[in-house]
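Please read the structure below before turning to the comments.
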Amino acid sequence: MSPSKDSENFDVIVVGAGPAGSAAALIAARAGLKVLLIERGEYPGAKNVSGAVFYGSAILDELIPNWWEQAPVERHISRRNLLLLSPTTSVSLDFRTTAPSYVEPPYNGFTILRPKFDRWFAAQAEAAGAFLLTSTVVDDVLREDDGQIVGVKVRRDEGEIRADVVIACDGVHSWLARKTGMQRELHTHELSLGVKEVIGLDKSMIRERFQLEGNAGMALEYVGAVTEEIHGGAFLYTNQDSLSLGVLCQLSSLVEHKKRPYDLLEKFKAHPAVAPLVRGGKLREYSAHLIPESGWQMRPHLYSDGMLVAGDAAGFVLATGVYIEGINYALQSGLAAGEAAILACRRREFSRYTLSHYVEFLRRRNVLQDFQAYRHAPNFVNSERLQNLYPELAARASEGLFRVDGKRKEKLLPLYWRSMRQVGGKPGDVLKDLYQIARAYLW
Amino acid sequence: MVMTTHEEKMRTARFRVDETAHIVVDGEKCRSCSVRACTYVCPANLFVPLDDGSVLFNYEQCFECGACYFVCTQEGAIQWTFPKGGYGVTFRES
């Protein structure tokens, strides 16, 4: 039995005012539901850290037309670099474009600063009619005797708030998903620790160094020697008058090699491919956050009687090496959860059967398909050879390729063969990896 | 300066410190731990190994990332929760 409606009851309680939570709250409030959005930080975004590039501008454009005109965005991404690093050398894939789908509205992606962006986005949910309650920690759910979830327990006096549907968007730790048994304990190989700095740098210097016009921006992603033997990678993004940069380290691999994450961050900034880009900058803020990276393998039970899980809490971060995306999936899954809550409220029926429509809405938004399609990628991305051997191989082979010293020029196959033997690679392993790559990325 | 020490990094973060600790470490349990992953994984470097074999923890400059909780191999050595609402770390630019 759902409790009788009175002024104390909400239709929907959303826990966590990140992109997933604010999207869910916004769409539910627009449908006329009474929505409470609860945030533990002193403002939305206060506890949130990302790179951050928000890809999927078009998704938000459907919700808030021309959103970038009013939101605190930094730069739209028109250049991307994927770099393989050895200690001395970098080999990169440089993508730069003036294609309209990247440089004209609605753009493809923007760099953002999460404390500013999340605060703005939560305010949009408020403007749509949702109630925002900040500085409030949710410790558990409220349950009826039959197990139906009917609200949350907050760490305040008179700390019970009732609602027909609870949407957990409480981030990577998802206290709620774990307390309700919807998510299992996570393993250290499924989580990456990101440490990050925002470094102030003059606007004109940023344009010049990264060869950017106007408000265009660049995203650089690195794999290889910069994280030593740690499985992970690094990133550098351009903001208006600052750079966001950091390293991601698989937790299990940090433990195995006894490395300190901030030492790797310093090493990254000192790398010959990175140092000229950050020179003269001034540290503004240092931060850290965990990232759920095993995607499909860590997806929780997405719905139960009275509750849905979205965003990082559901492990919706696509980490494939080529893609490191989370905010877009947070938004999509938040919207899908909001849609499921709206459907349940219209039917006045809040069992897991009604809420299972969430899965259908996630499919309609292509969220589950992406994670299913790339389900083999996270293991490959964090494999020893991709992390350490191949960047070194690419660097050595390129050093050989471009070197002119009067000796006979090697053709490509012998060149790669020799480089491979230098870095200790085995042809059999390469064949295995080619199969892994094909399975992870090609079909 | 672009290259910074850990102390310089930590000075850029803002914390509102609660009187009660949101993470409690049972230093006794750490005595039998040979891994002590928390002492190097923590991005705020808040876990200090002591000579007597236990581990000292200071919750005040915690980023609430949870890394220590996930890497801990000693059952029950780390009691982890979020700080009271509005307390703990507040990011402005990240």
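Below, read A as the first sequence line, B as the second, and so on, with proteins coming before strands; counting in each chain starts at 1.
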A/D263, part contacting chain B, at a heavy-atom distance under 4.5 Å: neither
Atom group of A/S50 that falls short of 4.5 Å from chain B, counting heavy atoms: backbone
A/F235 and A/Y237 aromatic ring geometry - parallel, tilted or perpendicular at 30°/60° bounds: parallel
Under 4.5 Å from any heavy atom of chain A - which part of B/R14: side chain
Structural part of B/Y87 lying under 4.5 Å from a heavy atom of chain A: backbone
Under 4.5 Å from a heavy atom of chain B, the part of A/A275 involved: neither
Distance-only side-chain donor-acceptor flag, A/E74 / A/T238, under 3.5 Å: no
Contact origin within B/C42 toward chain A - heavy atom pairs under 4.5 Å: backbone
Aromatic plane relationship, A/W175 with B/W80 - under 30° parallel, 30 to 60° tilted, over 60° perpendicular: tilted
Salt-bridge criterion met for A/K179 and A/D139 (N-O under 4.0 Å): no
Chain B interface, residue from A/K259, A/H289, A/K282, A/R119 that has the most non-hydrogen pairs under 4.5 Å: A/K259
Ring geometry between B/F63 and B/F15 (parallel below 30°, tilted from 30 to 60°, perpendicular above 60°): tilted
Test item: side-chain donor near acceptor, A/S244 and A/N239, under 3.5 Å: yes
Between A/T136 and A/R156: side-chain donor-acceptor atoms closer than 3.5 Å: yes
Contacting region of A/F117 [heavy-atom separation from chain B under 4.5 Å]: neither
salt_bridge(A/K153, A/E160) N-O dist < 4.0 Å: no
Pair A/R155-B/T81, side-chain donor/acceptor within less than 3.5 Å: yes
Part of A/E39 within contact of chain B (heavy atom distance under 4.5 Å): neither
Row check, B/Y40 ring normal vs A/R260 NZ/CZ: under 6.0 Å, within 45°: no
Closest-packed option against chain A by number of heavy-atom pairs under 4.5 Å, given B/T5, B/T39, B/V41: B/V41
Part of A/I38 within contact of chain B (heavy atom distance under 4.5 Å): neither
Ring-ring centroid check B/F47 B/F57, cutoff 6.0 Å: yes
Sorted by number, residues from residues 186-200 of chain A in contact with chain B (heavy atoms, under 4.5 Å): A/L186, A/T188, A/L191, A/L193, A/V195, A/K196, A/E197, A/V198, A/I199
A/E42 side chain to B/T90 side chain, donor-acceptor N/O pair below 3.5 angstrom: yes
Residue part contacting chain B, namely of A/A288, when any heavy atom lies under 4.5 Å: both
